[in-house]
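Written below as structure tokens is the structure these notes are about.
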Amino acid sequence: MKKKLCVTLLAMTMALALSGCGASKGYDSAAADMAMPEEAPAEEFKVTEEVVEDEAWDDAEAEMDNGMTDAAAGSSEAKAETVQSNEKIIYTYNYSVETKQFDTFMEAVQKRINEYGGYLESSETNGNSDMNIRRYANMVIRIPADKMHSFLNMVKENSNVTYSSSSTENVTLSYVDMQSHIKALKTEHETLMGILERATKLEDIITIQNQLTNIRYELESYESQLRVFDNRINYSTLYLDINEVERETSVATELTYGEEIKRGLSDTFYDIGQGLRSFSIWFIVNLPIILIWAVIIVLIVLIVRKILRIHAKREERRRAARLESRKSTQTAQSGVWTGTSEQADEKKGSEENAESK
């Protein structure tokens, strides 16, 4: 009985306490309703909406930062895996060749370019076979990397290679960095697009659009650089210089004593023959001009000889006239002297006769 009484009293006490709390709460709410003006709920809603917008903006920025961090972490892992598994290498080759069949070799090169799915980036040809001017060509050829060795073997088989070199450029790290930047920029672009859909303020919308414009510009730049890398990686480059010759140059580096003598004599006789051939061609081609100059020179010589003869005759006449004048002068002087001496003798004789008498 005592236990029942205690339980009953406890229940009554709790009921009274709960009723008192409810009454005080109702009184406080009623007093608040009486004291609060009608505009209070609207202001409270406005403040709550701004707070929600700011919280949404902060959440979006946090989400964007987390996404970019995850993308960067993933890109670093992908970079390490790519460097180890798939290297990006650019191959470049330089060849100088000689050929006796210039047209045939050029056709073979163009045919093989088409067969391998390559393309001719640039080409320049000079010379004229009709005018006996040897031709040469400079070509920049792009061939798929997996078929370049076959193309080079074709070049070696159909021409005489006088110079060759190759170089490689490993662009794996740069390539992976560009991919990582592109991935991060795309993630940032998607995040900003989501924020733009939820933004309501004009200032926020303009800011987000400016950021999107900058991101698109960076994306286009990185994607353009990546396409250039892809082209240079997938298509190896060959700089090919082609020279038309009548005699191919020997590229042997080690020769015996007899081989060197044989090669030297052969080169000497070949040079002599080419010199005589070139001189005969030049002489025949320029023969009309040579004849004209020969006639002119002969005429000049004849005129000069004639002038010299006339001058010589005049000199002879002058000399003869001088000699004659000298002779006449000497004759006249000798006649006067003789007459004077005779008179002196006669005078001396008469004087002697007079004395004797």
Side-chain angles (χ1 to χ4, degrees), residues 39 41-92 117-122 140-146 148 167-239:
E39 288 79 0
E43 292 179 357
E44 182 179 1
F45 176 77
K46 182 177 181 181
V47 172
T48 304
E49 184 178 2
E50 290 179 355
V51 170
V52 170
E53 288 180 359
D54 293 337
E55 291 178 354
W57 177 265
D58 295 337
D59 293 340
E61 287 184 346
E63 180 183 354
M64 181 175 63
D65 294 336
N66 292 331
M68 293 178 66
T69 304
D70 295 339
S75 64
S76 62
E77 295 177 358
K79 183 189 300 183
E81 294 177 357
T82 306
V83 170
Q84 294 177 357
S85 61
N86 186 17
E87 292 187 346
K88 303 295 183 181
I89 300 176
I90 298 172
Y91 294 94
T92 305
Y119 62 93
L120 189 63
E121 188 171 279
S122 65
V140 180
I141 303 171
R142 307 297 302 279
I143 300 294
D146 56 344
M148 177 57 82
S167 62
T168 59
E169 182 182 0
N170 194 328
V171 295
T172 305
L173 294 178
S174 299
Y175 192 92
V176 175
D177 285 338
M178 288 184 185
Q179 288 182 327
S180 302
H181 283 298
I182 290 173
K183 185 176 180 180
L185 288 171
K186 287 182 178 180
T187 302
E188 186 178 359
H189 184 273
E190 292 177 359
T191 305
L192 288 174
M193 288 298 294
I195 297 173
L196 183 62
E197 293 177 355
R198 290 179 288 175
T200 57
K201 293 182 179 180
L202 180 61
E203 182 180 356
D204 295 339
I205 293 173
I206 294 173
T207 302
I208 295 171
Q209 287 179 346
N210 291 333
Q211 292 180 0
L212 287 172
T213 301
N214 294 331
I215 290 172
R216 291 190 189 100
Y217 176 78
E218 291 183 8
L219 271 174
E220 291 177 358
S221 177
Y222 280 120
E223 288 174 350
S224 176
Q225 296 179 28
L226 204 63
R227 284 193 295 270
V228 172
F229 269 148
D230 286 335
N231 181 266
R232 295 181 63 192
I233 293 167
N234 296 331
Y235 289 85
S236 298
T237 305
L238 171 62
Y239 295 92

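Everything quoted here is computed from the prediction, not taken from an experiment. The chain is numbered in sequence order, starting from 1.
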Flag side-chain contact, heavy atom, 4.5 Å: [X] against [Y]:
X      : Y      : value
Val171 : Ile233 : yes
Glu203 : Ile206 : no
Leu238 : Ile143 : no
Ile90  : Phe229 : yes
Ile89  : Glu169 : no
Thr237 : Tyr91  : no

Nearest-0.5 Å distance, [atom1] of residue [X] to [atom2] of residue [Y]:
X      : Y      : atom1 : atom2 : answer
Glu218 : Glu188 : CD    : CD    : 8.0 Å
Glu190 : Leu185 : CD    : CG    : 11.5 Å
Asp230 : Tyr235 : CG    : OH    : 11.0 Å

Testing Ile205, Leu212, Asn210 one by one against Ile208 for a side-chain contact (heavy atoms from CB on, under 4.5 Å), which residue passes? Leu212
For Ile182 and Glu223, the nearest pair of non-hydrogen atoms, with its separation, is CD1-CG, 3.9 Å
Can you give me the closest heavy-atom contact between Arg142 and Arg232, atom names plus distance? NH2-CA, 3.4 Å
Would you say the side-chain atoms of Thr172 pair up with the backbone N or O of Lys88, donor to acceptor, closer than 3.5 Å? yes
Flag, side chain of Ser224 to backbone of Glu220, donor-acceptor distance under 3.5 Å: no
Within a reach of under 6.0 Å around OH of Tyr222, are more than 12 heavy atoms found that belong to other residues, nucleotides or ligands? no
Can you confirm whether Tyr217 is buried at OH, in the sense that more than 12 heavy atoms of other residues, nucleotides or ligands lie under 6.0 Å from that atom? no
